[in-house]
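Accompanying notes for the structure given below.
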Amino acid sequence: MSDIIRLLPDSVANQIAAGEVIQRPASVIKELVENAVDAGATEINIVIKDAGKTLIQVIDNGCGMSEMDVRMAFERHATSKIRQADDLFSLHTMGFRGEALPSICAISEVEVKTRLESNPMGTRLLILGSKVIEQEPCVCEKGTVISVRKIFFNVPARRKFLKSDNVELSNIMREFERLALVNNNIRMRIDTGIKQIDLRAASLRLRIEDIWRNSLKSDHLIPVDVDTSLVKIEGFVSRPEFARRRNPLQYLIVNGRNMRHPYFHKAIMSCYDNLIASDTMPCYFIKFQVDPSTIDVNIHPTKNEIKFEYEQQIWPILVSAVKTALGKFSAVPSIDFSIDALPVEPFMPGDAPHAPRMDYRNDYNPFKSERDNMTHVESDWQKLYEGFSTGRVYTPPVSIMQSEPNAGSVPQLLPLVDDIETEEGPRVCMQIADKYIVTSSREGLLVIDQHRAHVKILYEEYMARASRQEIISQRVMFPESITLDESQSAALEGISEELRNLGFTLEYESDMNWLITAMPPLPPRTNAKDVILRILDSVAEDSVNYGKEQDLRGSIKSRVMLLAARSAAIRGGQTLSEVEMKNVVESLFALPDPSFTPSGNPIYTLFDDNRLSKLLN
C-alpha cells in the first residue's frame, strides 16, 4: 500500500492558519496595529477603502525593519518576540506566534515599505498569495507602511461570506475603538473614506471621552485604583444612575491586551447588586497589570481569551476596589444614623404588603347606562360558555401590535385546531410556577414555556400581517433623539432603507445624533429607541446573515417582528386562567412549526411513558 500522508505546502498551511487568525478585514487591522505597537510606534494611521475589501493600509513611525527582516517577517513562525518556549511565560509584546503576517499575505496582496532610522534607504516588498513578486530598495520615511489589497482574492468562499460594507465597517470601527482604548498613549487616526477620526495621545479618561464623546461624559465615570503585590487594578466604572439597557461599554484589559473574562465580569456586576435595575448593565473600563508569568495568552488564535493563575485571589481584590470606588464617590445609598428612627415592627418576607391590583376597561363609557356598558361583556361570555359544549374557546379578535395581554385576554391569532380533545376527554391545562403550562396529549405530558409559546404565536401573526403589507408608518409628534457611536452609525446607514420599509424613519440631526420621526404602531411600553439599538447590536454581532443568498429586507423585518413579539408576549410569572392556557396551547399547535421559537429555543418538552418511567425508577 502506497503512503498517503503528505506534507502540506507552506501556501496551503498559511491559508489554513489564516482561517483562524484572519476572519474579516477588522482582523487584519488588529494584527497590523498590534505589530506597530510592538515596534514602538507613537503614531499609527489607518486608511480604509470599501470597508477593507479594496485596501487596508497601516502606517506607523516605529523602528522599521532591515532588508532581511522584512523578508523573514512573512515566513511562518518567524518572530522577533520570543526565542524559546519559556519566553511564552514572560511576554511583554502583543504578538509572538509569527502567524499574523504570513496568514495575511496568504489570502491577499501585501505591499510593505519600511526603513530603519539608521539606514538612508528603505525596502519595498510585494507578496501575492504567499509568493514574493519583487523586493527592491525604495525611498520612504522611517517606520513601516503595510498595504493589504484584494483580501480573500484566492479564497472565494471566504470572500463570498463577507458582509455588506456597512456591516464590515461597523466591525472595523469597533476594533479600532478597542485598540485605541488599550493604546491611549499612542496617537491613532483612521480614514474610512466616509469619515476621519483623530485621537490624541492622552490619559485613559481622556481617551474614553474622545472615543465615546457623544454617549459618555467624564462625570459619568468613577475612578478605580488599587495596587497589591498580586495585581494592580486601575480604570473606571460608571455611576449606577448611568447604567444602560442597551450597548453597555464593557472592557477588560490585561497587560495592554484586550480580553474576555466572564469571571471578572461577574465580579464587577456583583458590586452593582441592588444599585441598578435588573435589566440594565454598567459601563466599565478596567486595566489589570500582573506578572506575565501568571497568565497564559496562548489558548486562542485571537489571544482574547486569557487564563489567570490566581483569578480566585484577584476576585476579592477587584470586588473590593469597585465597591470602594462606588462608596467613596457616594454612588451607593447611605444610612443616616444621626436621626432617631421610629420603632418598626419586624415582618416576615411573606408579610410584605402588596399594592392592590386594579383592572381598567378601555371601552367603558361613563355617559352610558350600566346596562349598555355590560352588553358587550355578556355577549362574549355567552359565546365563551357555548364553547365549553363543543370544546372550542371563543376569544374576541385582536389586531396586530395590540396592547400587551393581561390576565384577562390572550389573543386568538390563528384558527384553533379541530381536535382539541385527548383520548380521555377535553384537554385539561394547569400552570406551574406561573411560567409553564402543563397539559396532556395522546403522546404523553406536555410542559410548555408560556412566554416562548406566546412569542411564537405573535411573531407568526406579525409576519403574516407584514407580508400582506398591513404595517403602516406613523409620524411622531415629538421625535425621540438617539445618540450612536461610530460603529452603530455605520450599521444604521447600511440598513436605513430596510428600516424605512418597515415603518421606521430616522433623520440625522448633528454630531452622531439621530431623530426617530416615524415608526410603526408598536405595542405599548415598547420603546422605539430600544428596538433600534437591539437591531443595530444584532447587525454588529452578525446575528443576521447578510450573504448574497439572504434577503436583507426579510432579515431586518423578522428581527423587528421578533422584538415586537417579545415585548407584547405574556411573561413568566404571569398567572393565567384555564381558558387562557387552553387558548395559548391550541394557537401554538395550530402553527406549522410549534416546536421552536424564531430564535431557535425549544418551546415545550414531552414526557412520554418511557421518559416518565425512567424519571420515577
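Just so you know, these numbers use all the heavy atoms, side chains as well, and skip hydrogens, waters and symmetry mates.
Atom CG of residue L515 and atom OH of residue Y508 lie 11.0 Å apart, to the nearest 0.5 angstrom. Here OG of S481 is found 10.0 Å from CG of L506. Values are rounded to the nearest 0.5 Å. Here the straight-line distance linking atom CG of N601 with atom NZ of K456 works out to 11.5 Å at 0.5 Å rounding. Atoms CE and CD1, on M281 and I276 in that order, are 7.5 Å from each other to the nearest 0.5 Å. The distance from atom CG of L562 to atom CG of L458, rounded to the nearest 0.5 Å, is 10.5 Å. Taking CE of M173 as the reference point, atom CG of L169 lies at 6.5 Å (rounded to 0.5 Å).
Looking only at side-chain heavy atoms (C-beta outward), E168 and L162 come within less than 4.5 Å of each other. A 4.5 Å side-chain heavy-atom check between F288 and I306 finds every atom pair outside the cut-off. Under the 4.5 Å side-chain criterion, counting only non-hydrogen atoms from C-beta, L249 is in contact with R244. Looking at heavy atoms from C-beta onward, F589 lies in side-chain contact with L446 at the 4.5 angstrom threshold.
Each of Q431, E580, R571, K435 was compared with Q450 under the side chain to side chain donor-acceptor pair (under 3.5 Å) criterion, and only Q431 meets it.
More than 12 heavy atoms of other residues, nucleotides or ligands sit less than 6.0 Å from atom CG of D273.
A search for side-chain contact (heavy atoms from CB on, under 4.5 Å) contacts involving V447 returns Y436, V438, T605, F607, not counting sequence neighbours.
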In a table with atom names and distances, give each donor-acceptor pair under 3.5 Å that connects a side chain of residues 262-272 to protein atoms at least two apart or in another chain.
unit_1 : atom_1 : unit_2 : atom_2 : d
H265   : ND1    : Y284   : OH     : 2.7
S270   : OG     : A267   : O      : 2.6
Y272   : OH     : S238   : O      : 2.6

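Checked against a 6.0 Å centroid threshold, the rings of Y251 and W212 count as neighbours.
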